[in-house]
Amino acid sequence: MKPIDLRSDTVTRPTPAMRRAMAEAEVGDDVYGEDPTVNRLERRAAEIFGKEAALFVPSGTMANTIAVKLHTTHGQEVICDARSHILDYELSMTAWFSGCLVRAIPTPDGILRWPAVEREIRKPSPYWAPTALVALENTHNLAGGVVYPREVFREVCAGAHAEGLRVHLDGARIFNAAAYHGCPVRELAEGADTVAFSLSKGLGAPVGSVLVGGREDMARARLYRKRLGGGMRQAGILAAAGLIALEEHSARLPADHANARLFAETIAAAPGIQVDLATVQTNIVLFELTGGEITAPELAARLTSRGVLLTAFGPRLLRAVTHYDVTREEAAAAAAIVVELCTSAARV
Ligand code: TLP
């Protein structure tokens, strides 16, 4: 039987419509700027986000890496929340490619507020690495898919700009945030100099992210993409699926959010599980094992043998992510198995 795969929304497979569009895509050499399908995707992404230009890249990691490089020079600092993806899950690309330090600010909820940012800004001095960039994440993955309050985001952008800093938004799941607010993504991108978003998570394309921003920044970004090995030639094959993801798939994200909610509410009743339902705002459920009878990797292994795949993010922390390859029935069935295994672990 096909496992219920809740490890990530990156596991979604292309729909039949995407596969057809890929087979029929008009292509050209994108390093020459001649792939009509890539050009169409970039134009639409820029329009939808209310920015001047866009760049199609193979991954979110590459989009964030390019953005950090655009906004900094070697020896500067990037302020971000202490559980940010760019800090914890991108192989220290901020240091490796851009030669910058990350100034990580711990937050209880993943949301970086202006007073906390302002306190950490370093001006040029004989001792310090000066701050160049503030990087925010919406939704925040390791804080459980939480969404930035809009006024908090606006205040950080305005404050950073007034201090001469730039703002990058890692919006890998920005369409989930927009579904939560019930607003267009362009409203959540306003104020950020660049936004990276993923086509291959909840939107379901097989590959790809897009970086959006100013025209000059995107022209420079194109060169950094080439340096990183991201000049993809006839990439219209991939952009064709990306266009369907962008135009059609955001409408169904509320169903993923409802399934995550169902999963979270069901497991909240199990012994030895702590889940903060207030953080379950989108398609991610983070939960902690509090009983001590079983570790997160052990529970993940037992779940795997029952056909449910989750990710252990530490000795006690697990994550489940809903997406379009998981139905409501499957989300309910997976939650019931988590409850059953935790109940029997608590009895031993
Ligand atoms: N996140 C992946 C893992 O890397 C943890 C996942 O399964 O959630 N920004 C954010 C907020 C992300 O969650 C991710 C991927 C990325 C950037 C990087 O995207 P890719 O995987 O395309 O490089």
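Just so we're clear, the structure is a prediction, and the values are computed from it rather than from any experiment. Heads up: numbering here begins at 1 and tracks the sequence. Counting convention: from 1, in listed order, for ligands and their atoms alike.
Residue-level proximity to ligand 1 for Ala172 is carried by the side chain, the only part with a heavy atom below 4.0 angstrom. Neither the backbone nor the side chain of Thr311 comes within 4.0 Å of ligand 1, counting heavy atoms alone. The parts of Thr61 lying near ligand 1 are both backbone and side chain, judged by heavy-atom distances below 4.0 Å. Contacts with ligand 1 closer than 4.0 Å are made by no heavy atom of Arg7, backbone or side chain. Within the 4.0 Å heavy-atom criterion, neither part of Met93 lies near ligand 1. At a heavy-atom distance under 4.0 Å, no atom of Met62 approaches ligand 1. Residue contacts with ligand 1 for Lys201 involve side-chain atoms from C-beta outward but no N, CA, C or O (heavy atoms, distance under 4.0 Å).
When hydrogens are left out, the protein atom nearest atom 7 (O) of ligand 1 is Ser8 OG, 2.7 Å; that is the closest non-hydrogen contact. When hydrogens are left out, the protein atom nearest atom 22 (O) of ligand 1 is Gly60 N, 2.8 Å; that is the closest non-hydrogen contact.
Nearest residue to atom 13 (O) of ligand 1 from Val321, Asp170, Asn141, Leu199 is Asn141 (criterion: closest heavy atom).
Within ligand 1, the atoms closer than 4.0 Å to a non-hydrogen atom of Ser59 are 22 (O), 23 (O), numbered from 1 in the order shown. Within the listing of ligand 1, atoms 11 (C) sit less than 4.0 angstrom from a heavy atom of Glu137.
One finds no salt bridge joining Arg328 and Glu330 here, because no Lys/Arg side-chain nitrogen approaches an Asp/Glu carboxylate oxygen to under 4.0 Å. A salt bridge links Arg306 and Glu340; the closest N-O separation between the charged side-chain nitrogens and carboxylate oxygens is under 4.0 Å. The pair Asp29-Arg233 counts as a salt bridge, with a side-chain nitrogen and a carboxylate oxygen less than 4.0 angstrom apart. Between Arg222 and Glu42 there is a salt bridge, since at least one side-chain N of the basic residue sits less than 4.0 Å from a carboxylate O of the acidic one.
Some N or O of His85 is nearer than 3.5 Å to an N or O of ligand 1, by distance alone. Note: an N/O pair closer than 3.5 Å links Arg319 and ligand 1 by distance alone.
For Glu247, the CD atom sits in a packed shell: over 12 heavy atoms of surrounding residues, nucleotides or ligands are nearer than 6.0 Å.
Side chains of His85 and Glu90: a donor on one and an acceptor on the other come within 3.5 Å. Neither side chain, His257 nor Thr282, offers a donor N or O lying under 3.5 Å from an acceptor on the other.
Within the 4.0 Å heavy-atom cutoff, Glu90 counts among the residues contacting ligand 1.
Aromatic rings of Tyr89 and Phe313 (six-membered ring for Trp) have centroids within the 6.0 Å cut-off, being under it. Here the two rings, on Phe49 and Phe175, have centers that are under 6.0 Å apart.
The distance from the CG atom of Asn64 to the CG atom of Asp170 is 4.0 Å, given to the nearest 0.5 Å.
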